[in-house]
Amino acid sequence: MGDLKSGFEEVDGVRLGYLIIKGKQMFALSQVFTDLLKNIPRTTVHKRMDHLKVKKHHCDLEELRKLKAINSIAFHAAKCTLISREDVEALYTSCKTERVLRTKRRKISRALSTADLRPELAATDPFSGFWKENKLWLGLNDS
């Protein structure tokens, strides 16, 4: 356990523990889920991970013990997955920007849907056939 280097990195005000494995900073995926991306549904995060082709590293026993020692994962955890710093940054950026875009899309689609409903309401009016050029037809002949 002495040869594994560890430390803490602050990302968007959240303190994440990491291990140095093969010269790369590796963060516990469970801590990224619970602390950094806590307001984003896990299914969304998993879809983003698949889209970004995030490479996962499964911890061995020594790495698991070190992560428990620095309180990056739960003490009762039996296994752990690590992802690199670059993947954490890409995932964080992707999830945050995707969330903003989705909210804008909802607002635009709501505005369009209310505009689309107006002609339907006019078409379903039973007396709409009596109107022509803002004049009411009173009879069938022109008199």
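Here the closest heavy-atom approach between residue Ala28 and residue Ser72 is recorded as CB-O, 4.4 Å. His58 and Thr81 get closest at one heavy-atom pair: ND1-OG1, 3.6 Å. Closest approach of Ile70 to Gly7, counting heavy atoms only: CD1-O, 4.4 Å.
For the side-chain hydrogen bond (donor to acceptor under 3.5 Å, both in side chains) test, no residue two or more places apart in sequence or in another chain qualifies with Asp50. Not a single side-chain contact (heavy atoms from CB on, under 4.5 Å) links Asn71 to another residue, sequence neighbours left out. By the side-chain contact (heavy atoms from CB on, under 4.5 Å) test, Lys68 is found to be paired with Leu64, Ile73, Ala77, residues two or more places apart in sequence or in another chain being considered. Under the rule for a side-chain contact (heavy atoms from CB on, under 4.5 Å), the partners of Phe33 that lie at least two apart in sequence or sit in another chain are Leu29, Arg42, Val45, His46, Met49.
Atoms CZ and CG, on Arg65 and Leu61 in that order, are 4.0 Å from each other to the nearest 0.5 Å. Between Gln31 atom CD and Cys80 atom SG the span is 9.0 Å, to the nearest 0.5 Å. To the nearest 0.5 angstrom, Leu37 atom CG is 10.0 Å from Ser94 atom OG.
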For residues 17-25, run the donor-acceptor check on the side chains, cut-off 3.5 Å, and write out each pair with its distance to 0.1 Å, sequence neighbours left out.
from, atom 1, to, atom 2, distance (Å)
Gln25, OE1, Arg85, NH1, 3.0
Gln25, NE2, Glu9, OE1, 3.4

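Contact annotation: the side chain of Glu63 never approaches that of Met26 to less than 4.5 Å [non-hydrogen atoms, C-beta and beyond].
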task: Could you walk me through whether Leu91 and Leu36 pass the side-chain contact (heavy atoms from CB on, under 4.5 Å) test, one step at a time?
output: CA-CA 10 Å; Leu91 185 62; Leu36 189 62; over 6 Å; no

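Using modelled atom types, one side-chain atom of Thr97 and one backbone atom of Thr93 make a donor-acceptor pair closer than 3.5 Å.
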